[in-house]
Structures are given as structure tokens and as C-alpha cells.
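Reading through the C-alpha cells given below for one structure.
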There are 2 protein chains.
Amino acid sequence: MAHHATFHELLRAPSGAIDLGEFDPHGQPGFEDDKHAGEQALIDLGDELADLQEQLFAQRGTGDERRILLVLQGMDTSGKGGVIRHAVGLVDPQGVRITSFKAPTQEELEHDFLWRIRKAVPAPGYIGVFDRSHYEDVLVGRVRELATPEEIEHRYAAINSFEKELVDDGVILIKCMLHISADEQKERLLARLDDPTKFWKFNPGDIDERALWPAYQRAYELAIEKTNTEHAPWYVVPSDRKWFRNLAVGELLIEALRAMDLAWPEADFDVEEQKARLEHEEPLS
Amino acid sequence: MAHHATFHELLRAPSGAIDLGEFDPHGQPGFEDDKHAGEQALIDLGDELADLQEQLFAQRGTGDERRILLVLQGMDTSGKGGVIRHAVGLVDPQGVRITSFKAPTQEELEHDFLWRIRKAVPAPGYIGVFDRSHYEDVLVGRVRELATPEEIEHRYAAINSFEKELVDDGVILIKCMLHISADEQKERLLARLDDPTKFWKFNPGDIDERALWPAYQRAYELAIEKTNTEHAPWYVVPSDRKWFRNLAVGELLIEALRAMDLAWPEADFDVEEQKARLEHEEPLS
């Protein structure tokens with residue numbers, strides 16, 4: 001039987017220098033059908049995803065330290081929120097911990113840039129999701145010159161050590177760059193301006209950031225190149241088609257869970273003995 | 001037109017002394033149809049719940065400090081997890097922050113019992129969910145004599161001040177006691193022992209706790225009586241029927257959101273001006 005390439009294989013950023021211009025943001029690698037089928041394919045992952053997540057959560061009781069950390073990065077409107085709603089939303093919310101990173105507070109600025117990130121690392125058994133992350137410190141940090149070039153270089157190295165440490169502690173990292181085109185971003189921003197229920201998502205500053213598009217693309221290329229390690233790989237997710245983006249991240253998540261060889265933990269007690277206790281040790285009422 | 005009693009009215013714990021024996025855990029007040037219809041009724045709340053939650057989230061950008069905190073308490077197997085999965089699970093996970101409180105760690109024990117709770121209060125715009133809460137400190141705290149009777153009394157007062165402070169800061173509290181019968185708990189524990197995919201949820205210590213059922217019921221009665229304030233009311237949710245429990249909490253949540261008079265925020269920028277900028281300020285590529 002032919003080997004079907006996994007989404008991990010298809011979307012994995014290659015090692016070495018990255019040119020985002022070579023990645024088609026409108027593509028749909030690994031899925032040949034249309035939007036309707038793609039949306040259904042995501043929903044169809046739901047049951048297996050729910051079971052695997054519950055097994056991951058259950059195994060934590062056996063001392064298993066493993067957990068997943070999905071890092072979502074991308075330009076404004078690339079759909080970090082949509083991925084959380086549609087793909088992560090398939091999982092029981094009990095087992096998910098989402099953190100949104102905004103511009104750092106004064107307190108956060110007084111610490112190392114990884115300080116606030118460390119506090120949000122998911123505990124064993126959980127699926128953690130970062131809506132933006134420590135990568136902002138080498139993206140907006142670089143483009144807006146919030147740090148010196150030397151400091152940015154230092155941060156790439158600090159991120160690699162930090163992520164290695166996480167992996168050694170049982171964290172499985174899935175780092176996704178949601179890749180959209182500048183044209184698609186324009187359409188999405190215009191759509192926000194055409195719909196009064198979406199005005200709140202729009203900020204005039206978004207257009208100032210958009211003017212720096214090439215600088216941000218370059219910052220992403222460098223960040224991916226310098227932190228695309230074996231233990232913490234990057235995936236470039238074509239995101240001009242929202243349905244494909246959601247499906248692709250759902251598939252990356254389920255493939256990671258499948259690869260963990262999860263199972264329902266054995267009972268660490270005598271089942272029949274406990275049944276007998278339940279039958280005979282009735283509480284006074 | 002006849003006034004239909006709201007779930008807030010139907011499930012609100014009365015003021016004064018509470019006798020849980022007077023609350024039917026198998027009841028379904030406010031809903032006269034069967035399980036199938038009840039499950040569908042919950043799903044039917046989904047679209048409105050999603051819209052209201054998004055409006056709550058959007059309003060945070062206008063300086064609105066309001067947020068919701070759903071506190072879930074109940075005996076083992078009463079279904080705190082099921083409520084999160086089925087009712088809270090209807091809401092976009094981006095706008096939800098869930099905290100599960102376990103037995104306090106050594107660090108937590110070195111602080112006031114509200115220390116860890118304060119850190120988990122949801123930010124404006126969010127729906128926070130506490131799976132267990134500060135109430136454990138007057139429930140297991142009382143039953144297991146982890147604190148003196150004087151300290152327990154002090155805690156009721158501390159909880160009332162704390163919750164008043166939260167309400168003054170814009171937190172809308174929905175405190176739910178998921179009320180099951182001892183018989184139903186026995187069935188649910190036996191079901192866990194009959195299903196190898198559920199062994200992980202069972203702990204022999206659950207039967208030791210069960211032996212203290214009457215003491216726990218009494219601790220709940222006292223906790224509700226002493227902290228059932230106008231600003232932070234308690235609801236007793238009949239929970240022997242899982243579908244009714246989920247529906248009832250979903251209804252309590254949606255009623256609270258409806259009462260907030262939420263709306264989509266107005267644009268605080270000139271929409272046409274921003275559209276023109278988007279059309280004319282193209283990034284260099």
C-alpha cells in the first residue's frame with residue numbers, strides 16, 4: 001500500500017534558509033477535495049481526537065509527564081482564533097489550556113522575555129495552546145526594533161534551549177506559522193470593516209503593521225530558520241483557505257497524539273474488591 | 001402572557017437554613033420534556049451562547065470590566081466535568097478560562113486559602129469556570145477537620161467579602177451545587193468499575209469519601225446557607241439526570257449573559273477612512 005504523506009511531513013518547514021515566497025498560502029497539500037469536504041473531514045476527526053485527548057489526560061495519573069503545546073503564530077487575520085474555535089474546539093475543554101499573549105505588561109517587561117511563557121507551559125496531560133508566544137519577541141521585537149540585533153540573536157538561542165528543556169520534560173511542541181498572502185489579509189480586513197459585528201476586531205494600528213508586511217515576512221523566515229530544530233519543528237500552514245488551515249492544524253494535532261501510543265491506564269486497584277466495598281460500605285443517611 | 005420562571009428563579013437556593021433532603025436530585029424543574037429533547041434544547045442554545053460570549057469578549061475592548069465566573073461544586077461523579085464538556089463546550093474556547101482546583105500544594109498551603117483562587121479569577125470579557133473552588137476549604141476542610149471550627153467560620157465571612165469584591169470589580173458569579181443522590185453516585189462509581197476506559201477516573205479513596213456522605217451534605221448545607229448572598233447566589237442543580245444538569249447550567253449561563261445587555265461595540269474609528277487607507281496604503285512586496 002502506498003504511503004500517504006502525513007501532514008507533519010507535508011507541512012514541515014525545511015531546514016536551512018526559508019523563503020516564504022516559495023510556500024503557496026492558497027495551497028492545500030494532502031487534501032484534494034473541496035471546502036465542504038474539508039470542513040466535514042475536520043469534524044470527522046472529532047471522536048478520535050476526543051478519545052486520544054482523554055487518554056493523554058488519563059495517563060497523567062500514571063506519572064506520564066507528556067503534554068502537547070500547540071504554538072500558533074501568524075500575521076493579523078491569519079486565523080489563530082479560527083483554529084482555536086474550529087480545531088481545538090473539537091477537544092473537551094477540560095483538557096485544554098489556552099493562553100493569549102498580548103503586548104507585555106510593565107511587570108513582564110521587567111523580567112526575561114521567557115518569564116511569562118514559562119508560567120503558561122501546560123501541565124502533564126494537557127493540550128496547551130499559545131495564541132502568539134515567545135516568538136513575538138523575535139518578530140515584532142525585530143521589526144519594531146524593540147531590542148538590539150544582538151539581543152534578537154541571543155533570543156533565538158534562548159528559545160532553542162528553552163524548547164529543548166520543554167521537550168526533555170515531556171512537552172511535544174507543534175509550532176505553526178499560519179501563512180496568508182497580503183492580498184488575503186486585505187480582503188479579511190475589508191470584511192471586518194464591512195460588518196458592524198466585526199468592528200471590534202479591527203484596529204487602525206493593524207494597517208500600520210500591514211505596511212511593514214515585507215519586514216514581518218523576513219522576521220518569520222529568520223525565526224523559522226533559526227528555531228526549526230528536530231525536537232521543536234516548525235510547520236508552515238497554508239492559510240488563505242480557512243477550512244484548509246483548520247483541517248491542517250487538526251490533522252497535525254491528531255497525528256501528534258496518535259504517535260504517542262496512548263492507551264487507557266490499567267487499574268492500580270482490585271476492581272472486584274472495590275465493587276464489593278461499594279456494595280457493602282453504605283454511608284449512613 | 002404568562003411569565004415563564006427562569007432557571008435562575010427555579011434553581012436559586014432559598015435564603016436561610018438549607019435542607020438538601022428537600023431538593024429532589026432527580027427533578028427537572030422548568031423542563032417538561034424527555035432526555036432526547038433536553039439534549040437537543042442544550043445544543044439549540046449554542047448559536048445564541050456563542051454570539052453573546054463573543055459580544056462579552058468584544059466589549060472588553062471598550063473598557064467594560066464585566067466577566068462571568070461559573071463555580072462548579074458537587075460530590076464525586078456529580079458531573080462537573082460533564083457540564084464543562086457539554087455546556088461550557090458550546091462556547092468558543094478562546095473566551096473561556098477553566099481552572100481545576102485539586103488538593104492544595106505545599107506552596108498554596110503556606111498562603112491564605114484564597115491566594116490561589118485570586119490568581120484564577122477571569123479577566124474582563126472572559127467566562128471563567130472553576131472546577132471545584134474556594135468552597136473546598138469549607139467542605140473537605142470541615143468534614144476532614146483540616147481547620148478548626150473557628151477557622152471554618154472565619155472562612156465563610158472571608159468568602160463573602162472576597163465575592164463582594166469580585167462583584168464590585170464586574171464579576172458575575174454563578175455558583176452551582178450539582179446535587180446528586182447517594183444511590184446515583186453508587187451507580188456511577190460502579191459504572192466506572194465496569195468499564196476499563198473509565199478505571200482511571202476511579203480512586204479507592206472515593207469510597208472513603210462516600211462513607212462521609214451525610215457529613216458532606218451537611219457541609220454543603222452550611223456553606224450554601226452562609227454564602228448565599230444577593231450578589232453571589234447559589235443554585236442547587238438537580239444532577240441525577242445528566243442531560244438535565246447540563247441543560248440547566250447552560251440555561252443559567254445564557255440567562256446571565258442575556259441579562260448583561262450586551263451589544264456589538266461601535267467603531268471608535270472612521271470606517272470609510274480606514275477602508276480608503278487599506279485600498280491605498282499597500283505594503284511594498
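Note that the structure is a prediction, hence the values are computed from the model and not measured. In what follows, every chain begins at residue 1, and chains take the letters A, B, ... in the order their sequences are listed.
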Evaluate the side-chain proximity of I98(B) to Q94(A): yes if any heavy-atom separation is below 4.5 Å, no if none is. no
Enter the distance from L278(A):CG to D206(B):CG here, rounded to the nearest 0.5 Å. 9.0 Å
Should we count CG of D47(A) as having more than 12 external heavy atoms under 6.0 Å? no
Closest heavy-atom pair, K275(B) versus L193(A), reported as atoms and distance to 0.1 Å, is CE-O, 3.6 Å
Can you tell which of D131(A), L190(A), L212(A), V88(A) has the highest number of heavy-atom pairs within less than 4.5 Å of chain B? L190(A)
Q217(B), K80(B), Q274(B): which one forms the most heavy-atom pairs within less than 4.5 Å of chain A? Q274(B)
Count the heavy-atom pairs under 4.5 Å between each of G21(A), G89(A), P93(A) and chain B, then report the option with the highest count. P93(A)
Given that the side chain runs from C-beta out, which part of T62(B) has a heavy atom under 4.5 Å from chain A: side chain, backbone, both or neither? neither
Under 4.5 Å from a heavy atom of chain A, the part of K201(B) involved: side chain
Sub-4.5 Å side-chain heavy-atom contact between T197(A) and E54(B): no
Using a 4.5 angstrom heavy-atom cutoff, name the option from R210(A), E281(A), E273(A) with the most pairs to chain B. R210(A)
Should we count CG of D261(B) as having more than 12 external heavy atoms under 6.0 Å? no
Would you mind checking if R277(B) and D208(A) are paired as a salt bridge, meaning a charged N to carboxylate O distance below 4.0 Å? yes
NZ/NE/NH1/NH2 to OD/OE distance under 4.0 Å, K186(B) and E279(A): yes
Which region of R97(B), side chain (C-beta onward) or backbone (N, CA, C, O), has a non-hydrogen atom less than 4.5 Å from a non-hydrogen atom of chain A, or is it both or neither? side chain
Would you call the rings of W264(B) and W200(A) parallel, tilted or perpendicular, where under 30° means parallel and over 60° means perpendicular? parallel
Looking at A267(B), G81(B), A215(B), P204(B), which makes the most heavy-atom pairs under 4.5 Å with chain A? P204(B)
